[in-house]
Protein chains: 2
Amino acid sequence: MKTASEKVVHRLILYKKLLKNFQSKSVRNIFSHNLAEHASLNPAQIRRDLMLVGYDGSTVSGYNVNDLLFCIEKFLYPNEIQNVALIGLGNLGKSILDYCYGRHPIIAINAIFEKDPNKINRIICGTRCYHIDDLEIIVKKNSIKIAIIAISSSVTETIAKRLIECGVKSIINYSNACLSFPAEIYVENRDMMFAVEKAAFFSKKEKEI
Amino acid sequence: MKTASEKVVHRLILYKKLLKNFQSKSVRNIFSHNLAEHASLNPAQIRRDLMLVGYDGSTVSGYNVNDLLFCIEKFLYPNEIQNVALIGLGNLGKSILDYCYGRHPIIAINAIFEKDPNKINRIICGTRCYHIDDLEIIVKKNSIKIAIIAISSSVTETIAKRLIECGVKSIINYSNACLSFPAEIYVENRDMMFAVEKAAFFSKKEKEI
DNA sequence: ATTTAATTGTGAAAAAAATAACAACTTTAA
DNA sequence: TTAAAGTTGTTATTTTTTTCACAATTAAAT
Ligand SMILES: NC(=O)c1ccc[n+]([C@@H]2O[C@H](COP(=O)([O-])OP(=O)(O)OC[C@H]3O[C@@H](n4cnc5c(N)ncnc54)[C@H](O)[C@@H]3O)[C@@H](O)[C@H]2O)c1
Ligand SMILES: NC(=O)c1ccc[n+]([C@@H]2O[C@H](COP(=O)([O-])OP(=O)(O)OC[C@H]3O[C@@H](n4cnc5c(N)ncnc54)[C@H](O)[C@@H]3O)[C@@H](O)[C@H]2O)c1
C-alpha cells in the first residue's frame with residue numbers, strides 16, 4: 001500500500017464525494033478538468049492524485065465514475081468495519097451523532113460515553129450510551145481506534161490520554177483544548193474559532209485591481 | 001501589511017491560543033522550543049512565522065508572552081469589529097452560537113437567519129434571529145463579511161450565492177454541500193466526515209519497527 | 001576578563017506540493 | 001489515409017513550505 005500525505009487523502013475524499021454526486025445524477029464518465037472545476041483545483045493535480053489509487057482513465061472518455069469511485073474507496077477504506085467512539089452527548093455531540101448516522105458504509109459511531117446518568121444506557125441513532133467509567137472495557141472490546149471528543153475542555157486531555165492508553169490511534173477534538181501527542185497518534189483539533197478567525201483574516205483581502 | 005498563507009495564519013492563531021494559556025498561568029516569558037513542543041512543530045518554523053508579526057524576542061529570555069500576544073493580535077485582527085452571520089439555528093447552529101459567544105474580542109456572531117417562524121425575532125446569546133428573507137438588508141446594514149452556514153445542504157448553494165451577492169467575503173460551511181467559489185472568496189467546507197475518514201485512514205498506519 | 005551556554009533571526013538548503021509540459025493514445029473529420 | 005482535437009499518465013519544472021545551520025547576542029559561570 002502506497003503512502004499518502006494528509007493533503008492527498010483529503011483531496012481523495014473530496015473526489016469521492018464529488019463522484020458520488022455525479023453518480024447520483026447518472027453521470028457515467030468524467031474528465032479531470034470537470035473534477036478540477038468542482039474542487040477548485042488544477043486538473044494535473046487531480047490526475048497526479050489519482051495515480052495513487054491505481055485506476056487508469058481513458059484518453060477519450062476520461063474516468064468511468066463507478067470504476068473510479070470503486071478504486072478510491074478501495075484505496076481509502078480499511079478492510080474491516082471501523083468503530084468510532086463519541087465522548088460527550090451534549091448539543092454538539094448530538095448533532096455530530098446525527099450527522100454521521102448512516103453516512104458511511106464502514107465507518108460508524110458505535111459507542112457513546114457520558115457522565116450524565118440521564119443519558120447512560122439510552123440508545124440514540126442506534127448507538128448505546130455508556131458510562132465514561134466503562135471507556136476502557138468498551139473501547140477494547142470493540143477495537144475502537146477512532147474517537148470524537150465533544151466534552152468540556154477541562155476534562156479533554158485526561159480523557160484523550162485514557163483513550164490512547166486503551167488503543168485509540170486517532171482523535172478528533174471539538175473542545176477548546178489543544179491536544180498534542182506524538183506523531184503516531186493522528187489528532188485533529190477542530191476548534192471552530194480557527195475557522196472564524198481565518199475567515200476574518202482573509203475577508204480583509206481587498207480585491208486586487 | 002505583509003501577506004501570509006493560510007497555513008501561516010492557522011499557526012499564528014494557534015500560537016495566540018497557546019500564549020493565552022500561558023498568560024493565564026502567569027508565565028511571563030517563553031522560548032520558541034516551548035511553543036514548538038505544545039504545537040508539535042519545529043522551533044525554527046515558529047521563529048520564522050513570528051518574523052511576520054514584527055516582534056523581536058530576546059536571546060536570553062525568549063519572547064515576552066504579553067508583548068508577543070499583542071503583536072500577533074495586531075497582525076491578525078482587522079481594525080474594526082467583524083460581524084458574522086449565522087445561517088440556521090438548528091442543533092448545530094445553536095452549539096456554534098453558544099461556542100462562539102464571548103470568545104473573541106472583536107469577531108462575533110451578530111445576526112442569525114432562519115426560516116422557522118418560531119425562532120424568528122427571538123434573541124439568543126445576545127443575538128437577534130431574523131427571517132431569511134431579510135438576509136440582504138441586514139447583511140448590508142451591518143457590513144457583514146463572514147457567514148457560517150448550518151442549514152440543510154439542499155439550500156446551501158442558493159444561500160451562499162445570496163450571501164456573496166450582498167458582500168460576504170468568507171463562508172464557513174457545515175452542510176454536506178461542497179461549496180466552490182472564485183479564489184477571492186474564502187470558503188471553508190467543514191464536513192466532519194472528512195475528519196472521520198482521515199482519522200480512519202491514518203489510524204491504519206501500523207507502528208513502524 | 002574569558003569562557004560557556006543558550007537563544008534569536010535569518011540566509012541557505014532540503015523537502016514537499018503544485019503546476020506545466022508533453023508523448024502516447026483514441027476518435028472523429030477531412 | 002492523414003490530420004486534428006482532446007485527453008491521460010507521468011516526467012520535469014516551479015513554487016511553496018519546512019528545516020537546517022550559524023553569526024550575533026546576552027547572561028551567567030569560571
Ligand atoms: N469546535 C466546535 O466547533 C465546537 C462547537 C460547539 C461546542 N464545542 C465544544 O465542544 C464541547 C461540547 O459542547 P456542547 O455544546 O455539546 O456542550 P454540552 O455541555 O451541551 O455537552 C457536554 C456533554 O459532555 C458530558 N460530559 C462532561 N464531562 C464528561 C466526562 N468527564 N465524561 C463524559 N461525558 C462528560 C456532559 O454530561 C454533557 O452531556 C465543549 O467543549 C464545547 O466548548 C466546540
Ligand atoms: N459539518 C458538521 O460537522 C455537521 C454536524 C452536524 C450537522 N451538519 C449539517 O449542518 C446542517 C444543520 O444541521 P442541524 O443538525 O443543525 O440541522 P437542524 O435540522 O437541526 O437545523 C437546520 C435549521 O436550519 C433552518 N433552515 C432550513 N432551511 C433554511 C433556510 N432556507 N433559511 C434559513 N434557515 C433554514 C431550519 O429551520 C433549522 O432550524 C445540516 O446540513 C447538517 O447536515 C454538519
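The figures here come from the full heavy-atom set of this structure, side chains too, leaving out hydrogens, waters and symmetry mates. Just so we're on the same page: letters track the sequence lines, and every chain starts at 1.
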**Protein proximity profile, nucleotides 10-17 of chain C - base contact B, sugar-phosphate-only contact S, no contact -, cut-off 4.0 Å on heavy atoms** = BBB----S
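Of the possible polar contacts, none joining the Ser40(A) side chain to the Ala36(A) backbone as a donor-acceptor pair under 3.5 Å is found. Of the possible donor and acceptor atoms, none in the side chain of Lys20(A) sits under 3.5 Å from a partner among the backbone N and O of Leu69(A). A donor-acceptor pair under 3.5 Å is formed between the side chain of Lys17(B) and the backbone N or O of Asn176(A). In terms of modelled atom types and a separation under 3.5 Å, the side chain of Asn83(B) and the main chain of Ile144(B) share no donor-acceptor contact.
Side-chain contact between His38(B) and Cys178(A) is absent, with no heavy atoms from C-beta onward closer than 4.5 Å.
Here Cys71(A) contributes atom SG and Asn64(A) contributes atom CG; the two are 9.5 Å apart, rounded to the nearest 0.5 Å.
Here Arg128(A) pairs with Asn121(A) under the side chain to side chain donor-acceptor pair (under 3.5 Å) rule; sequence neighbours left out. Legend: residues meeting side-chain contact (heavy atoms from CB on, under 4.5 Å) with Lys7(A), ordered by chain and number and at least two apart, are Ser5(A), Arg11(A), Lys7(B).
Across all strands shown, Ser58(A) has heavy atoms under 4.0 Å from sugar-phosphate atoms exclusively, and none from any base.
Residues Arg162(B) and Glu136(B) are paired through a salt bridge, judged by an N-O separation under 4.0 Å between the basic side chain and the carboxylate. Under the 4.0 Å criterion applied to side-chain N and carboxylate O atoms, Glu165(A) and Lys161(A) are not assigned as salt-bridge partners.
Once you apply a 4.0 Å limit to the heavy atoms of chain B, the touched nucleotides of DNA chain D run 5' to 3' over dT17(D) to dA27(D).
Of the residues in residues 27-34 of chain B, none lies under 4.0 Å from DNA chain D by heavy-atom distance.
As a whole-Å value, the separation of Leu35(B) CG from dT7(C) P is 13 Å. We find that CG of Asp49(A) is positioned 8 Å from P of dA18(C), with the value rounded to whole Å.
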**Asked** Please, what dot-bracket string fits DNA chain C when only Watson-Crick and G-U pairs with both distances under 3.5 Å count, crossing ones use [ ] and pairs to another strand use |?
**Response** ||||||||||||||||||||||||||||||
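The six-membered or imidazole ring of Tyr15(A) lies away from that of Phe22(A), with a centre-to-centre distance of 6.0 Å or more.
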